[in-house]
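All remarks here apply to the structure that follows.
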Amino acid sequence: MGPNSTSISLIDHAREGQPKAWSDLVCLYAPLVARWCQQYKIQSCDADDVVQEVFISVSRHLVSYGQTSTENSFRGWLWTIARSKIMDHLRKRRDLIPLDSQMLGEWMSFEMEHERSMAEMRDDLQLLVAQALSIIRNDFSPRSWDAFWKTVALGEAAGQVGEDLGMTSAAVCMCRARILRRLRETLEEF
């Protein structure tokens with residue numbers, strides 16, 4: 001998508017088999033799924049396999065996502081798939097290695113866990129924002145990105161940023177608004 005394009009659902013594009021959309025979807029959510037694996041104490045080499053299994057399942061079921069009124073957000077749907085694949089992995093591991101009582105207790109508590117803490121959800125959101133920023137960054141000129149980054153992330157005044165970049169304060173504000181709008185559109189798709 002170019003910087004002036006309208007918001008088109010990344011999920012719809014991925015459903016249509018567009019490689020860029022699928023790549024963006026995986027780029028945005030794979031780190032999140034990997035972090036969920038870490039929370040279940042899955043080693044990184046095994047987590048890569050679980051992440052792959054999650055996205056194989058997502059690709060098989062993406063066509064039907066959103067067709068029922070009981071489905072919530074894409075992230076919630078992804079969490080349901082990921083949790084299932086994580087539990088499958090943990091069950092297989094349980095068969096391969098003996099569990100002591102503490103490990104078994106931890107595993108059972110994960111099995112019964114239904115709600116995630118606010119801190120975990122905030123961390124998930126921060127990761128998604130970072131991934132979305134990395135996806136959209138190349139759609140903007142380096143100067144526009146610098147104007148955005150300095151005013152939003154670093155909290156610098158638009159006037160000072162404009163002086164530093166040889167832009168008017170209004171141009172800095174326009175760059176910031178365009179990129180924030182694109183970020184919001186990208187995140188709303190999920």
Side-chain angles (χ1 to χ4, degrees), residues 1-39 47-48 51-52 54-59 61-63 65-66 71-82 116 118-190:
M1 291 189 282
N4 297 321
S5 66
T6 57
S7 176
I8 300 172
S9 173
L10 189 57
I11 294 169
D12 288 341
H13 284 280
R15 277 185 185 134
E16 294 166 3
Q18 294 183 15
K20 171 112 172 64
W22 179 253
S23 175
D24 287 350
L25 186 79
V26 172
C27 179
L28 187 61
Y29 283 103
L32 181 60
V33 174
R35 185 142 50 81
W36 290 339
C37 291
Q38 285 178 331
Q39 291 170 346
D48 292 342
V51 170
Q52 184 176 5
V54 168
F55 283 99
I56 288 170
S57 185
V58 167
S59 71
H61 298 98
L62 191 59
V63 173
Y65 167 72
E71 290 170 341
N72 295 325
S73 68
F74 179 78
R75 191 174 64 161
W77 182 72
L78 180 64
W79 165 245
T80 302
I81 292 171
R116 299 167 44 73
M118 290 302 288
E120 289 172 326
M121 289 190 287
R122 185 188 66 242
D123 291 347
D124 291 351
L125 181 60
Q126 288 174 342
L127 182 61
L128 286 176
V129 168
Q131 289 300 109
L133 287 171
S134 72
I135 289 171
I136 68 171
R137 182 176 185 161
N138 291 331
D139 292 342
F140 298 93
S141 73
R143 193 165 107 167
S144 293
W145 190 264
D146 285 346
F148 159 75
W149 193 256
K150 287 181 177 187
T151 56
V152 173
L154 303 179
E156 295 179 17
Q160 182 59 48
V161 172
E163 283 181 33
D164 293 347
L165 297 176
M167 302 169 72
T168 66
S169 159
V172 169
C173 291
M174 286 175 45
C175 291
R176 179 180 61 208
R178 260 192 10 249
I179 295 173
L180 283 172
R181 182 176 56 246
R182 173 64 74 70
L183 176 61
R184 201 169 25 256
E185 289 170 350
T186 301
L187 291 172
E188 283 174 358
E189 291 175 354
F190 301 102

For Val54 and Trp36, run side chain to side chain contact (heavy atoms under 4.5 Å, CB included): C-alpha distance rounded to whole Å, both residues' side-chain angles, the deciding distance at 0.1 Å, then the answer. CA-CA 11 Å; Val54 168; Trp36 290 339; over 6 Å; no
Which pairs with one or both residues in residues 147-172 pass ring-ring contact (aromatic ring centres under 6.0 Å, His included), sequence neighbours excluded? Trp145-Phe148
Restricting to non-hydrogen atoms, name the atom on Val161 and the atom on Ala147 that form the minimum distance, rounded to 0.1 Å. CG1-CA, 3.8 Å
Could you give the distance from NE2 (His61) to CD1 (Ile81), rounded to the nearest 0.5 Å? 7.0 Å
Interatomic spacing from CG in Leu154 to CD in Gln160 - rounded to 0.5 Å: 12.5 Å
Can you tell me how far the CZ atom of Arg15 sits from the CD1 atom of Ile11, to the nearest 0.5 Å? 6.5 Å
Nearest heavy-atom pair of Leu62 and Ala14: which atoms, and what distance? CD2-CB, 3.6 Å
So OG of Ser23 and CD1 of Ile135: to nearest 0.5 Å the spacing works out to 8.0 Å
Considering non-hydrogen atoms only, spot the tightest contact between Val51 and Ala30 and give its length. CG1-CB, 4.1 Å
For a 4.5 angstrom cut-off between non-hydrogen side-chain atoms, does Trp77 reach Val58? yes
How close do Cys27 and Pro31 get, heavy atom to heavy atom, and via which atoms? O-CD, 3.4 Å
Residues in side-chain contact (heavy atoms from CB on, under 4.5 Å) with Gln18, at least two apart? His13, Glu16, Ala21
Rounding to 0.5 Å, atoms CZ (Phe140) and CZ (Arg182) come to a distance of 4.5 Å
Give the intermediate values and the outcome of side chain to side chain donor-acceptor pair (under 3.5 Å) for residues Gln52 and Asp48. CA-CA 6 Å; Gln52 184 176 5; Asp48 292 342; over 6 Å; no
Spatial distance of atom CD1 (Ile136) from atom CD1 (Ile179) [nearest 0.5 Å]: 6.5 Å
Could you pull out the closest heavy-atom pair between Arg176 and Thr151, with the gap in Å? CD-OG1, 3.3 Å
So does Tyr29 get a backbone contact from the side chain of Gln131, meaning a donor-acceptor N/O pair under 3.5 Å? no
What is the minimum heavy-atom distance between Leu183 and Ala132, and which atoms define it? CD1-CB, 3.7 Å
